[in-house]
Novice: 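I'd like to ask you about the structure that follows.
Just so you know, residue 1 is the first one in the sequence shown, and it goes up from there. Quick note: numbers below take in every heavy atom, side chains included, and nothing from hydrogens, waters or symmetry partners.
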Amino acid sequence: MYASCSMLKDFKKMFLKVQLNWNVVIPAESLDIKGLMLQKAILIRLLDDFSTKRATKDLGYLLAVTTLDKIGEGKVREHSGDVLFPVTFTCLSFKVFKGEIVEGVVHKILKHGVFMRCGPIENLYLSNQKMSDYEYQIGESPCFLNMKTGSRIEKDVGLRCVVIGVKYMEAMKEIQAVVGLEGDYLGPV
């Protein structure tokens with residue numbers, strides 16, 4: 001699916017610059033003699049196809065097409081008259097890795113832990129067993145409270161944590177991760 005993958009120099013490891021090869025199908029009625037209109041139709045179709053792709057196991061979440069590098073020679077499909085163009089493009093993707101430090105925002109508090117969002121990832125889970133200095137507090141606004149420092153982990157709080165494990169969920173085309181607070185400078189931000 002992809003030709004190369006390299007880290008962007010100015011970003012954290014979770015952002016990847018990736019070159020992909022895809023096939024773009026242009027309906028016969030969208031074809032035009034003028035080359036620029038054809039190029040525009042290919043780009044629009046590529047962006048439409050790209051926007052429906054959620055995440056992949058190898059690349060994580062596909063965020064944005066940055067360049068259209070090459071449009072190959074079109075091949076006419078016999079029965080429909082549509083034209084298939086092989087294209088090469090570069091895009092930006094988002095994938096977290098074990099051991100990486102991430103920042104997320106708490107969106108759900110449970111007795112056994114919290115769920116956070118980080119970029120396109122909806123389910124970063126922090127178990128109460130991975131925040132040993134915090135105790136669950138029952139109430140109208142449940143939270144985890146650190147009795148020593150008074151810091152609170154509650155809904156809408158930003159948390160810096162370390163990724164312990166990552167799992168790709170094929171059926172939902174999404175990535176889930178387990179995180180912890182073991183380490184320096186981790187916790188509410």
Novice: Go through the steps for Leu20 and Leu59 under the test side-chain contact (heavy atoms from CB on, under 4.5 Å), then give the verdict.
Specialist: CA-CA 10 Å; Leu20 299 172; Leu59 303 174; 3.6 Å; yes
Novice: Hey, any chance Ile26 and Ile44 share a hydrophobic cluster, counting ILVMFWY side chains that come within less than 4.5 Å of each other, even indirectly?
Specialist: no
Novice: When rounded to the nearest 0.5 angstrom, what is the spacing between CG in Asn128 and CG in Leu181?
Specialist: 11.0 Å
Novice: Working to the nearest 0.5 Å, report the span between CD1 of Ile42 and CZ of Phe89.
Specialist: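 Answer rounded to 0.5 Å: 13.0 Å.
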Novice: CD1/Ile109 to CD1/Ile153 distance, rounded to the nearest 0.5 angstrom?
Specialist: 7.5 Å
Novice: In terms of hydrophobic clustering (I, L, V, M, F, W, Y; side-chain heavy atoms under 4.5 Å; direct or indirect links), are Phe15 and Val163 co-clustered?
Specialist: yes
Novice: Could you list who else is in Val157's hydrophobic cluster, with ILVMFWY side chains joined at under 4.5 Å, directly or through other members?
Specialist: none
Novice: Other hydrophobic cluster members with Met147, side-chain heavy atoms of Ile/Leu/Val/Met/Phe/Trp/Tyr under 4.5 Å, chained?
Specialist: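 Same cluster as Met147: Leu145.
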Novice: Could you report the tightest heavy-atom contact between Gly104 and Cys118, atom names first, then the distance?
Specialist: CA-CB, 4.2 Å
Novice: How close do Val179 and Leu126 get, heavy atom to heavy atom, and via which atoms?
Specialist: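 Smallest interatomic distance, heavy atoms only, reads O-CD1, 3.3 Å.
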Novice: Give a yes or no on whether a salt bridge exists between Asp49 and Lys53, defined as a side-chain N under 4.0 angstrom from a carboxylate O.
Specialist: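 No, Asp49 and Lys53 are not salt-bridged.
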Novice: What pair of heavy atoms forms the shortest contact from Asp82 to Pro27, and how long is it?
Specialist: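 Scanning both residues completely, I find the closest heavy atoms to be OD1-CA, 3.3 Å.
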Novice: What is the distance from atom CD1 of Ile175 to atom CZ of Phe94, rounded to the nearest 0.5 Å?
Specialist: 8.5 Å
Novice: Taking ring-ring contact (aromatic ring centres under 6.0 Å, His included) as the test, write out the residues that go with Tyr134, two or more places apart.
Specialist: none
Novice: Search all heavy atoms of Cys91 against all heavy atoms of Val65 and return the closest pair with its distance.
Specialist: CB-CA, 4.0 Å
Novice: Are Leu62 and Phe97 connected into the same hydrophobic cluster when the rule is that any two of I, L, V, M, F, W, Y join if their side-chain heavy atoms are below 4.5 Å apart?
Specialist: yes
Novice: What are the two closest heavy atoms between Pro188 and Arg152, and how far apart are they?
Specialist: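 The answer is CG-O, 3.7 Å.
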Novice: Taking the inter-plane angle between the rings of Phe50 and Trp22 on a 0 to 90° scale, is it parallel (under 30°), tilted (30 to 60°) or perpendicular (over 60°)?
Specialist: tilted
Novice: Identify, with sequence neighbours excluded, every residue that meets ring-ring contact (aromatic ring centres under 6.0 Å, His included) alongside Tyr168.
Specialist: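 Tyr168: no ring-ring contact (aromatic ring centres under 6.0 Å, His included) contacts found.
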Novice: Can I get a per-line list of side-chain donor-acceptor pairs under 3.5 Å for residues 68-76, giving both atom names and the distance, sequence neighbours left out?
Specialist:
{"residue": "Asp69", "atom": "OD1", "partner": "Thr67", "partner atom": "OG1", "Å": "2.7"}
{"residue": "Asp69", "atom": "OD2", "partner": "Gln19", "partner atom": "NE2", "Å": "3.0"}
{"residue": "Asp69", "atom": "OD2", "partner": "Thr90", "partner atom": "N", "Å": "3.4"}
{"residue": "Asp69", "atom": "OD2", "partner": "Thr90", "partner atom": "OG1", "Å": "2.7"}

Novice: Can you find a pair of side-chain heavy atoms, one from Cys161 and one from Met116, that are under 4.5 Å apart?
Specialist: yes
Novice: About how many Å separate CG of Asp48 and CG of Leu43, when rounded to the nearest 0.5 Å?
Specialist: 9.5 Å
Novice: Would Tyr136 and Leu159 show up in the same hydrophobic cluster when neighbours are defined by side-chain heavy atoms closer than 4.5 Å?
Specialist: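 They do share one cluster, since a chain of ILVMFWY contacts under 4.5 Å joins Tyr136 to Leu159.
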Novice: Which word best sums up how the rings of Phe115 and His107 line up, parallel for under 30°, tilted for 30 to 60°, or perpendicular for over 60°?
Specialist: tilted
Novice: With Phe85, which residues qualify under ring-ring contact (aromatic ring centres under 6.0 Å, His included), at least two apart?
Specialist: none
Novice: Measure the spacing between CG of Leu16 and CG of Leu92 and express it to the nearest 0.5 Å.
Specialist: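 If we round to the nearest 0.5 Å, Leu16:CG and Leu92:CG are 8.0 Å apart.
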Novice: Taking ring-ring contact (aromatic ring centres under 6.0 Å, His included) as the definition, give me every residue that meets it alongside Tyr61, ordered by chain and number, with sequence neighbours left out.
Specialist: none
Novice: Output all residues satisfying salt bridge (charged side-chain N to carboxylate O under 4.0 Å, His left out) with Arg77, sequence neighbours left out; order by chain, then residue number.
Specialist: none
Novice: Does Glu78 have any salt bridge (charged side-chain N to carboxylate O under 4.0 Å, His left out) partners at least two apart in sequence or in another chain, and if so, which?
Specialist: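 Residues passing salt bridge (charged side-chain N to carboxylate O under 4.0 Å, His left out) with Glu78: none at all.
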Novice: Could you give all pairs that pass the salt bridge (charged side-chain N to carboxylate O under 4.0 Å, His left out) test and reach residues 155-179, with sequence neighbours left out?
Specialist: Arg54-Glu174, Glu103-Arg160, Glu170-Lys173
Novice: Any link between Met172 and Val96 through a network of hydrophobic side chains (Ile, Leu, Val, Met, Phe, Trp, Tyr) touching at under 4.5 Å?
Specialist: no
Novice: Please identify each residue that fulfils salt bridge (charged side-chain N to carboxylate O under 4.0 Å, His left out) with Glu135, with sequence neighbours left out.
Specialist: none
Novice: Heavy atoms only: give me the nearest Val18-Ser93 pair and the separation to one decimal.
Specialist: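 For Val18 and Ser93, the tightest heavy-atom pair comes out as CG2-OG, 3.7 Å.
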Novice: Using salt bridge (charged side-chain N to carboxylate O under 4.0 Å, His left out) as the criterion, list what pairs up with Glu182, not counting sequence neighbours.
Specialist: none
